[in-house]
Amino acid sequence: MRKNIVAGNWKMNKTLQEGVELAKELQTALKGKTVNCDVIICTPFIHLATVNGVIDGKTVRLGAENCADKVSGAYTGEVSAAMVASTGAKYVILGHSERRAYYGETNAILKEKVKLALENNLTPIFCIGEVLEEREAGKQNEVVKSQVTEALFDLSAEDFGKIILAYEPVWAIGTGKTATPAQAQEIHAFIRQTVAVKYGAAVANETSILYGGSANAGNAKELFSNPDVDGGLIGGAALKVDAFLPIVEAF
Ligand code: PEP
């Protein structure tokens, strides 16, 4: 069966010291508890190695928020997939709408990042989702289909099976607006069907598809109760243990 997953995306928040405290607090809060999902925290690059030392990698798992589309070399300021993996991180968010919108990340660039992440044994948490105008024009299915097709559908079935998808309607990220559970279920089912057409029902049924966009303690249970919503990618509510924990416990 596919996994339930709750992943936090810290974005550009927390100093190193604050981040280490948050990770420790989360590890302590969850240790010994039975939860029905994998819990991942995705932190800024500079936090990774130190945070890896204060979590056990099972109760709380570690990921980065990005990696470079190049292997190594003269790319000042970039951090490669191999460097991310060398910190002990096991996951990497790729294709977040903020990266697409503010840093010009195209599906072609993301395809390279996914390839390098997989070569370095990192599990991509690959984000897709439409902007408000596209939703209002009824184009959301078309948009997510082209995002997965252009960035991911060159992968072998085996490699695609390693990907976690995150559907994040851009109009819901950090806005306090959430997709309704029915909207989320409808498009998650469409995404799974799109995967099934390309890779077959078995691969599609094993693919975890997370919802992201102003998910919180108040709406997580209803969102996660949908058959095609396998968890959440959480921004704002991942920055405090008492906001994040109830989402983890919503399963
Ligand atoms: C995100 O950044 O992936 C996200 C879903 O943010 P928020 O939960 O704050 O909307």
Side-chain angles (χ1 to χ4, degrees), residues 4-14 18-19 22 26 37-45 47-48 60-67 84 89 91-103 105 110 113-114 117 122-132 134-135 140 143-144 147-148 151 163-181 183-185 187-188 191 208-224 226 228-251:
N4 294 330
I5 297 165
V6 172
N9 172 16
W10 289 6
K11 311 197 188 195
M12 195 173 74
N13 292 296
K14 305 283 176 193
E18 290 165 350
L22 175 58
L26 187 64
C37 61
D38 286 357
V39 178
I40 305 167
I41 50 176
C42 297
T43 81
F45 292 130
H47 297 57
L48 290 171
V60 182
R61 297 155 196 254
L62 184 62
E65 299 174 16
N66 184 26
C67 71
V84 169
Y91 301 84
V92 60
I93 296 173
L94 292 175
H96 192 281
S97 63
E98 289 151 16
R99 301 292 320 168
R100 292 177 188 261
Y102 308 146
Y103 300 96
E105 295 196 2
L110 293 169
K113 293 190 178 203
V114 167
L122 295 171
T123 299
I125 301 173
F126 191 80
C127 303
I128 55 178
E130 79 287 355
V131 300
L132 185 61
E134 291 163 338
R135 165 70 59 169
Q140 63 273 16
V143 171
V144 296
Q147 289 169 333
V148 292
I163 305 276
I164 297 166
L165 291 176
Y167 168 66
E168 299 207 302
V170 181
W171 47 271
I173 298 179
T175 59
K177 282 186 201 156
T178 317
T180 64
Q183 281 174 323
Q185 169 55 27
I187 194 156
H188 280 229
I191 295 163
S208 295
I209 308 177
L210 316 185
Y211 168 81
S214 299
N216 58 40
N219 56 32
K221 220 181 186 68
E222 221 190 328
L223 284 163
F224 298 172
N226 288 289
D228 288 296
V229 178
D230 307 309
L233 181 56
I234 315 297
L239 297 174
K240 285 196 178 131
V241 170
D242 56 4
F244 193 57
L245 209 53
I247 302 176
V248 169
E249 289 172 335
F251 274 111

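All ligand and atom numbering here is 1-based and tracks the order in the structure.
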*With a cut-off of 6.0 Å (strictly less than), are more than 12 heavy atoms of other residues, nucleotides or ligands near CD of Glu222?*
no

_Sorted by chain and number, the residues that approach ligand 1 to under 4.0 Å with a heavy atom_ = Asn9, Lys11, His96, Glu168, Ala172, Ile173, Gly174, Gly212, Gly213, Ser214, Leu233, Ile234, Gly235, Gly236

*asked:* Here's a test for you: under side chain to side chain donor-acceptor pair (under 3.5 Å), which of His96, Arg100, Lys113 qualifies with Glu105?
replied: Lys113

*Worked check of side chain to side chain contact (heavy atoms under 4.5 Å, CB included) between Ile209 and Asp228*: CA-CA 7 Å; Ile209 308 177; Asp228 288 296; 5.8 Å; no

*Take His188 and Asn226 through the side chain to side chain contact (heavy atoms under 4.5 Å, CB included) test and state the conclusion after the steps.*
CA-CA 9 Å; His188 280 229; Asn226 288 289; over 6 Å; no

*For Gly235, does its backbone N or O pair with a side-chain atom of Lys11 as donor and acceptor, under 3.5 Å?*
no

*Value rounded to 0.5 Å, distance of SG in Cys42 from CG in Leu233*: 7.0 Å

